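Mind having a look at this structure? Questions to follow.
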Amino acid sequence: MDLFEYMRQSTMESESPLASRMRPTTLDEVVGQKHIIGKDKLLYRAIQADKLSSLIFYGPPGTGKTTLAKVIANTTSAQFEQINATIAGKKDMEEVVKAAKELRGMYGRKTILFVDEIHRFNKGQQDYLLPYVEDGTIILIGATTENPYFEVNGALLSRSAVFELKSLEKEDIKQLLYRAVSDEKKGMGSFGAVLEEEAAEFLADVAGGDARAALNALELGVLTTEPSPDGKIHISLHVAEECIQKRAVRYDKNGDNHYDTISAFIKSMRGSDPDAALYYLARMLYAGEDITFIARRIMICASEDVGMADPQALVVAASAAQVVERVGMPEARIPLAQAAAYVATAPKSNASYLAIDKALEAVKNRENPPVPVYLQDHHYHGADELGHGLGYQYAHDYPGHYVKQQYLPDGLQDMKFYEPGELGYEKKVREYLEFIEKLGNYQK
């Protein structure tokens with residue numbers, strides 16, 4: 001490194017955002033994530049002993065993925081290289097691999113390659129790394145906000161340990177905020193700022209587990225607030241609210257948040273909790289989820305989980321889906337809320353869902369006897385000669401518009417697929433089936 005490069009890096013470090021300057025340099029400075037870097041945990045021991053294998057760090061923004069990589073860079077004896085998958089290409093990787101081979105061959109020294117946002121690499125780029133990870137030329141550390149089991153090459157995953165980082169707790173973020181406001185070397189300590197308890201509580205809460213968001217807001221507050229008569233910069237609740245104008249909702253329509261939120265939405269409707277269903281609906285709408293996708297899920301839930309207990313639920317859900325397509329947002333929020341509330345508060349039954357799966361299982365695994373001849377179609381020339389329809393009993397010719405006869409094929413006549421429940425309209429269905437069973441017995 002020449003003098004000019006040294007000066008450039010020194011300037012960047014001093015002028016970089018607070019969140020970057022406050023990154024820990026040792027494991028003991030890391031806040032949170034004790035489930036993977038507690039002193040009794042494998043990853044902590046591996047970093048301390050400098051015995052790392054390839055790793056994938058997975059978690060929401062601001063939880064410390066890059067921080068852990070930087071800590072490793074400061075503790076390892078291996079050469080540490082870093083690239084960002086959003087801007088790096090195959091040429092960048094080729095240069096790293098070439099240097100890693102030379103370093104390993106000449107000095108027996110390992111190379112760690114940190115790939116930030118590794119999910120942005122396409123399959124070909126990920127495949128390029130595979131043989132060099134496999135033969136030990138490089139130790140790969142990947143960081144991703146996406147579920148690696150969806151986004152990262154399966155072969156790379158099989159050669160890496162996956163560690164999931166969790167959103168930081170409020171107390172963790174408060175600790176980082178107080179550390180930043182008092183640290184005179186890397187933080188804002190030289191400004192004489194005072195972070196009030198209410199403001200710290202608010203910033204830690206509104207950050208949603210993202211330390212970077214909280215630190216950025218704190219920095220903005222310190223830099224834009226005039227000192228009080230006592231000479232100190234007071235970061236009050238009012239100042240904190242101005243620094244974060246809107247609560248950020250972490251949501252990726254192709255990632256975990258998408259699947260987790262829609263799962264919670266459906267389970268809340270199934271569990272008859274309209275408040276939770278409307279809350280998750282609001283989260284999806286606020287984040288810009290596809291309203292037709294939401295409408296489809298409500299229709300499925302109306303049929304799968306409400307079913308015959310309230311057949312009107314499917315009608316309401318289907319009508320809402322039609323309205324949504326016609327009016328769009330923001331008005332679409334209203335029929336979606338109506339449908340979600342209706343499905344959530346309707347009596348529940350999955351009898352129809354279980355019945356069709358049971359019937360499909362019978363079709364798949366049992367012989368499929370012919371349709372009884374008296375049920376076969378006789379509305380074509382020659383059907384009568386074949387005996388099709390002969391002996392069929394027309395239900396409306398009998399009392400109660402019912403006559404007992406066998407409709408299932410021979411060999412399956414005793415099978416039961418649909419077992420109605422005892423809630424809502426399905427209770428009436430059960431009572432009707434019991435009634436016609438008695439009527440059939442009487443007809444005998």
Side-chain angles (χ1 to χ4, degrees), residues 9 12-13 16-39 41-88 92-93 95-97 99-100 103 109-121 125-126 129-130 132-133 136-148 151-153 156-157 159-168 172 176 186 209-213 215-216:
Q9 289 196 13
M12 286 181 62
E13 287 177 6
S16 61
L18 177 63
S20 178
R21 300 198 308 271
M22 290 302 298
R23 276 204 175 107
T25 55
T26 68
L27 273 175
D28 292 333
E29 292 178 357
V30 177
V31 173
Q33 312 303 341
K34 296 305 180 187
H35 64 291
I36 59 171
I37 55 168
K39 292 190 176 181
K41 302 299 181 182
L42 172 65
L43 183 57
Y44 181 94
R45 300 197 306 272
I47 293 173
Q48 291 288 64
D50 199 8
K51 298 292 184 183
L52 286 174
S53 59
S54 291
L55 309 171
I56 301 290
F57 292 139
Y58 150 54
T63 52
K65 299 181 294 298
T66 303
T67 293
L68 279 178
K70 296 289 188 183
V71 167
I72 291 169
N74 290 330
T75 57
T76 183
S77 61
Q79 176 68 21
F80 189 90
E81 301 289 342
Q82 177 176 349
I83 58 176
N84 190 302
T86 59
I87 57 175
D92 300 286
M93 291 187 285
E95 291 176 356
V96 171
V97 168
L103 196 63
R109 190 177 171 198
K110 297 178 181 178
T111 297
I112 293 175
L113 172 61
F114 173 54
V115 181
D116 202 4
E117 301 197 61
I118 192 172
H119 61 277
R120 297 296 189 96
F121 272 160
Q125 291 170 309
Q126 293 185 31
L129 292 174
L130 182 60
Y132 306 112
V133 171
T137 300
I138 59 172
I139 296 170
L140 174 68
I141 299 178
T144 174
T145 56
E146 304 298 323
N147 190 325
E151 303 293 341
V152 178
N153 184 316
L156 276 180
L157 278 180
R159 292 159 176 80
S160 307
V162 178
F163 292 95
E164 181 179 4
L165 281 70
K166 307 290 186 181
S167 295
L168 297 181
D172 295 332
L176 290 172
K186 297 190 295 182
D210 185 341
R212 187 185 298 112
L215 290 169
N216 287 344

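All values reported here derive from a predicted model rather than from experimental measurement.
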- Query: Of Ile72, Ile139, Val162, which is the lone residue that meets side-chain contact (heavy atoms from CB on, under 4.5 Å) with Leu55?
  - Reply: Ile72
- Leu113 versus Ile83: any side-chain heavy-atom pair under 4.5 Å? yes
- Task: Write down the atom of Asp210, the atom of Pro61, and the distance for their closest heavy-atom approach.
- Result: CG-O, 3.5 Å
- Message: To the closest 0.5 Å, what do you measure between NZ (Lys70) and OG1 (Thr75)?
- Response: 13.0 Å
- Item | Exam field: side chain Ser160 to backbone Leu156, donor-acceptor pair closer than 3.5 Å | yes
- Note on the structure: Between Ile118 and Ala85, the two heavy atoms sitting closest are CA-CB, 4.1 Å
- Message: Walk me through whether Thr86 and Asn84 qualify under side chain to side chain donor-acceptor pair (under 3.5 Å).
- Response: CA-CA 5 Å; Thr86 59; Asn84 190 302; 2.5 Å; yes
- Message: When you compare the side chain of Thr66 with that of Phe114, does any pair of heavy atoms fall below 4.5 Å?
- Response: yes
- Specify the closest pair of heavy atoms between Leu168 and Gly62, including all atoms of both residues, with the distance to one decimal. CD1-O, 4.0 Å
- Can you tell me if Gln126 uses its side chain to pair, donor with acceptor, with the backbone of Glu151 under 3.5 Å? yes
- Which pair of non-hydrogen atoms, one from Asp50 and one from Ala78, has the smallest distance, and what is that distance? OD2-N, 4.3 Å
- Just wondering, do Val30 and Val71 contact through their side chains at under 4.5 Å, heavy atoms? yes
- Query: How long is the gap from CZ on Arg212 to CG on Leu176, to the nearest 0.5 Å?
  - Reply: 12.0 Å
- Message: Please report the interatomic distance CG(Asn147) to CD1(Ile56), rounded to the nearest 0.5 Å.
- Response: 11.5 Å
- Interatomic distance, Leu157 atom CG to Ser54 atom OG [nearest 0.5 angstrom]: 11.0 Å
Listed pairs under 3.5 Å, donor-acceptor, residues 31-38 side chains, sequence neighbours left out:
unit_1	atom_1	unit_2	atom_2	d
Gln33	OE1	Lys166	N	3.0
Gln33	NE2	Thr63	O	3.2
Gln33	NE2	Lys166	O	2.6
His35	NE2	Glu164	O	2.8

- At what distance, to the nearest 0.5 angstrom, does CE of Met22 lie from OG of Ser16? 11.0 Å
- Message: Working note: Leu52 + Leu43, criterion side chain to side chain contact (heavy atoms under 4.5 Å, CB included); need CA distance, chi angles, decisive distance, verdict.
- Response: CA-CA 8 Å; Leu52 286 174; Leu43 183 57; 4.2 Å; yes
- Query: Can you tell me how far the CD1 atom of Ile141 sits from the CD atom of Glu81, to the nearest 0.5 Å?
  - Reply: 12.0 Å
- Task: Could you list all the side chain to side chain donor-acceptor pair (under 3.5 Å) pairs where at least one residue sits in residues 110-120, not counting sequence neighbours?
- Result: His119-Thr144
- Task: Please identify each residue that fulfils side-chain hydrogen bond (donor to acceptor under 3.5 Å, both in side chains) with Asn153, with sequence neighbours left out.
- Result: Asp127
- Residues at least two apart in sequence or cross-chain that pass side chain to side chain contact (heavy atoms under 4.5 Å, CB included) with Gln48, listed by chain then number, are Leu27, Tyr44
- Task: Please confirm whether the backbone N or O of Gly59 pairs with a side-chain atom of Lys65, one donor and one acceptor, at under 3.5 Å?
- Result: yes
- Item | Heavy-atom check, side chain of Tyr132 versus side chain of Met93, under 4.5 Å | no
- Message: Counting C-beta onward and ignoring hydrogens, is there a side-chain heavy-atom pair between Leu140 and Arg159 closer than 4.5 Å?
- Response: no
- Message: Applying ring-ring contact (aromatic ring centres under 6.0 Å, His included), can you list everything that pairs with Phe163, at least two apart in sequence or on another chain?
- Response: none
- Message: Holding to side-chain hydrogen bond (donor to acceptor under 3.5 Å, both in side chains), I want the full list of residues that pass it with Arg45, two or more places apart in sequence or in another chain.
- Response: none
